[in-house]
Protein chains: 2
Amino acid sequence: MNAPIVCDTCPVADRAVCSALSPEDRGELARIGHHRRYVRGETIIAAGDSATVCATLTRGAAKMSTIDRDGTERIVALVHPAGMLGQLFASTATLHVTALTDSEACLFPASRVAALSDARPALARRLPDEVSRELDESRALIDLISKRQAKGRVAALILAFARAASPAPCHDAESFELPLTRGEMAQLLGLTIETVSRTLTALETAGLIARRGSHGIAIRDRAALDDLAAG
Amino acid sequence: MNAPIVCDTCPVADRAVCSALSPEDRGELARIGHHRRYVRGETIIAAGDSATVCATLTRGAAKMSTIDRDGTERIVALVHPAGMLGQLFASTATLHVTALTDSEACLFPASRVAALSDARPALARRLPDEVSRELDESRALIDLISKRQAKGRVAALILAFARAASPAPCHDAESFELPLTRGEMAQLLGLTIETVSRTLTALETAGLIARRGSHGIAIRDRAALDDLAAG
DNA sequence: CGAGACCTTGATTGTCATCAATACTCGTGG
DNA sequence: CCACGAGTATTGATGACAATCAAGGTCTCG
């Protein structure tokens, strides 16, 4: 299950944190971590782990979430390839990290990354960037939830995944798979399963999107979606 | 308006980022920044500033927000004393930072903080902590918004400020001032002004809180509030 | 094939947004 | 000191939207 890290074939070598490092330093980092595959739904990092681990997602999609005492899950972040998983600077993990689709990640013990970053200024300077990128993303999530209407929230979610699904950062994917179940979308958007479902069919009948199966989405009227998402 | 920084009388010297530093290092940091007062509503950092500044709030309360192209403001973070303002690791500020009440803050040019942190490992190690604390807070904000019912959101907001208003971290303040207008609360919670107002009167008539003026709050039934906020 | 999870659709209810009017607060100037 | 006005808050009536309750459909996997 665990494999050594091979950067040469890494699809996100140019975008992930590692890109800040010289080839030698990257080799050193690669040696302290390992690479692993996950199936949809598998836990990558469990909340409560004291030996904290952080990771770079190389393929797939993941969510970070909290579980309240009453048992409801709350998604606080979505992670796409090249993004960082886990809480690098926390002493104990407070969040669950779960694979949303079949995924791959490079895992590193947080303590050893911290040690390496003390010795390698290039890494030390890059890590806070990464955290503040996470911060921006979590603010984007706030954006997502604070839309008034269900249509706006769903439209914004679709666009967010269109952006993430595209390999090129400049333009979005035309058609892609939503890696979330209706329940997860509902929870993320602060809606119910039924409302999400109804809203998707409404967007489809209005001609803004087309669906292929229960998770396949194709964007038909980009402008109209932008419009809804802006509200 | 601008004054030198005097750490000896600083009310948050034990909790702010600076607490990680030795007296000499703290002195050095103090010399590159300055201290300033703000009145309610005043802009502390404007989005778009290229010369980025970061700050530690020493008294009062502040909000960080974005302005969409359509002109609506969106609050992405609340900051309480000892908290950090601004985006330390961004090259351009993307957020407005505004004083919610009369406040005081120590301002530092971001570039010089970064330079100092290269030379002072203690600071370098503390800064990411601070950013990840911000991250946790912004996730707490997500928590706030994703409650289903208006009562729950308002209750959670009240408790958040009760926590922040208390000088001691262990227990909350019993009575305090909400430093937000109804409009700001509404916006923050994804509700309307009217709903916020109605909800507050409902909480009052139900005996969970008492009000003194339009912003004064006293907590009467802590358990019931917790209960609502959990939903 | 059957079981379970997931999704869709319908009918009804409840909550919150909207529209509208009135009151409160505070600062300014007569 | 009082009158005025702008900004802010409360309260009411109404309607739209989403939650809830309920049932049936689809997909997947053993």
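A note on names: the letters A, B, ... follow the listed sequences, proteins ahead of strands, and every chain is numbered from 1.
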(Q) Treating primed atoms plus P, OP1 and OP2 as sugar-phosphate and everything else as base, which nucleotides of nucleotides 13-30 of chain D get B, S or - for protein heavy atoms under 4.0 Å? (A) B---SSSBB---------
(Q) Show me the pairs that pass salt bridge (charged side-chain N to carboxylate O under 4.0 Å, His left out) and involve residues 220-231 of chain A, at least two apart or across chains. (A) A:D172-A:R222, A:R222-A:D226
(Q) Any side-chain to backbone donor/acceptor pair from A:R182 onto A:S214? Under 3.5 Å, distance only. (A) yes
Q) Counting just side-chain N and O atoms, does B:H215 come under 4.0 Å of either OP1 or OP2 of D:dA9? A) yes
Q: Quickly work out the B:R40 CZ to C:dG27 C1' distance and round it to whole Å.
A: 15 Å
Q: Starting at atom CD of A:E177, determine the distance to atom C1' of C:dC7, rounded to an integer number of angstrom.
A: 15 Å
Q) Atom OG1 of B:T9 and atom NE2 of B:H35: how far apart are they, to the nearest 0.5 Å? A) 8.0 Å
(Q) Taking the ring of A:F161 and the ring of A:H80, is the distance between their centroids below 6.0 Å? (A) yes
Q: For residues B:L141 and B:V76, report the shortest heavy-atom separation together with the two atoms involved.
A: CD2-O, 3.1 Å
Q. Of all heavy-atom pairs between A:L57 and A:V12, which one has the smallest distance, and what is that distance?
A. O-CG2, 4.1 Å
Q. If only side-chain N and O atoms of B:S197 are considered, is one of them under 4.0 Å from the OP1 or OP2 phosphate oxygen of D:dT11?
A. no
Q: Indicate yes or no: does B:E104 engage B:R36 in a salt bridge with an N to O separation below 4.0 Å.
A: no
Q | Interatomic distance where CZ belongs to B:R212 and P belongs to C:dT25 [whole Å] | A | 13 Å
Q: Answer yes or no: does a side-chain N or O of B:R211 lie under 4.0 Å from OP1 or OP2 of D:dT10?
A: yes
(Q) Given 3.5 Å as the limit, does a donor-acceptor pair link the side chain of A:K147 with the main chain of A:A229, or not? (A) yes
Q) In whole angstrom, what separates A:Q187's CD from C:dC7's C1'? A) 18 Å
Q | B:L200 CG - D:dT11 C1' separation (whole Å) | A | 14 Å
Q: Would you mind reading off the bend of the helix from C:dC1-D:dG30 to C:dG30-D:dC1 from its two end axes, five pairs each, to 10 degrees?
A: 40°
Q. How many angstroms lie between atom CZ of A:R211 and atom OG1 of A:T201, to the nearest 0.5 angstrom?
A. 5.5 Å
